[in-house]
Amino acid sequence: QVQLVESGGGLVEAGGSLRLSCAASGRTFKSYAMGWFRQAPGKERDFVATIPRSGGSTVYANSVKGRFTISGDNAKNTVYLQMNSLKPEDTAVYYCAAAPSWGILTTWTLYDYWGQGTQVTVSS
């Protein structure tokens with residue numbers, strides 16, 4: 001079992017950047033497919049990005065492609081989401097998730113473990 005703790009959210013102006021961190025404990029994140037999701041008020045939880053357990057190619061939602069980057073640091077057992085060129089529509093609670101799967105998972109229901117979420121607010 002793995003425990004996930006997100007950090008790095010906050011308030012930023014449009015065009016700015018933030019880096020979210022997801023610290024894993026209990027097991028190495030390399031044992032899991034890792035994903036980032038977000039949920040705005042009154043909306044469903046949406047896929048943002050994933051890095052597969054194999055460490056292969058990352059996958060992004062079209063809405064963030066070219067602006068966000070998911071990466072992992074084995075030594076720190078941490079997964080990051082670098083967010084650049086932020087837009088007001090990126091405002092949401094961002095969640096880190098893990099699944100003991102070798103697949104490329106873009107659906108939130110396929111993930112077993114979740115962090116508590118971190119708020120990202122982008123002002124216009």
Side-chain angles (χ1 to χ4, degrees):
Q1 187 167 329
V2 65
Q3 294 79 44
L4 305 173
V5 178
E6 302 100 332
S7 62
L11 173 64
V12 64
E13 292 184 351
S17 298
L18 283 174
R19 188 178 76 161
L20 305 184
S21 299
C22 173
S25 62
R27 293 192 67 179
T28 173
F29 76 85
K30 296 297 288 182
S31 298
Y32 300 89
M34 300 296 296
W36 284 96
F37 291 79
R38 65 187 183 185
Q39 189 165 18
K43 295 188 177 181
E44 295 185 351
R45 188 165 297 190
D46 289 334
F47 166 73
V48 175
T50 184
I51 185 167
R53 181 175 178 179
S54 64
S57 297
T58 53
V59 177
Y60 298 90
N62 288 335
S63 59
V64 307
K65 200 173 296 183
R67 300 188 298 124
F68 290 12
T69 303
I70 186 172
S71 63
D73 185 328
N74 293 341
K76 295 183 178 181
N77 206 23
T78 298
V79 175
Y80 301 99
L81 184 69
Q82 177 66 44
M83 307 186 295
N84 299 328
S85 302
L86 282 162
K87 305 174 181 180
E89 50 264 44
D90 294 319
T91 296
V93 177
Y94 282 71
Y95 296 91
C96 175
S101 169
W102 290 97
I104 296 176
L105 309 178
T106 61
T107 304
W108 71 269
T109 55
L110 298 177
Y111 286 80
D112 299 286
Y113 304 101
W114 291 85
Q116 81 287 354
T118 185
Q119 176 70 47
V120 171
T121 303
V122 185
S123 63
S124 57

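Side chains included, hydrogens not; waters and symmetry mates left out as well; all remaining heavy atoms used.
- Side-chain contact annotation: Thr78 with Asp73, donor-acceptor N/O pair under 3.5 Å absent.
- Residues forming a side-chain contact (heavy atoms from CB on, under 4.5 Å) with Thr121 (at least two apart in sequence, or on another chain): Leu11, Thr91, Gln119.
- Pairing each heavy atom of Arg67 with each of Asp90, the nearest pair is NH1-OD2, 2.8 Å.
- Contact check for Thr118 versus Leu20: side-chain heavy atoms found under the 4.5 Å cut-off.
- In this structure the side chain of Phe37 reaches within 4.5 angstrom of the side chain of Arg45, judged on heavy atoms.
- With a 4.5 Å cut-off on side-chain heavy atoms, Phe68 and Ile70 do not count as touching.
- In this structure, Trp36 CH2 and Thr58 OG1 are separated by 14.5 Å, a value rounded to the nearest 0.5 Å.
- When atom types are taken as modelled, the side chain of Gln39 and the backbone of Glu44 share no donor-acceptor pair closer than 3.5 angstrom.
- From Asn84, atom CG reaches atom CG of Leu18 across 9.5 Å, with rounding to the nearest 0.5 Å.
- A donor-acceptor pair shorter than 3.5 Å can be found between the side chains of Arg38 and Tyr94.
- Considering CG of Leu81 and CD of Glu6, their distance stands at 11.0 Å, rounded to 0.5 Å.
- For the residue pair Tyr111 and Thr50, a side-chain donor N or O sits within less than 3.5 Å of a side-chain acceptor on the partner.
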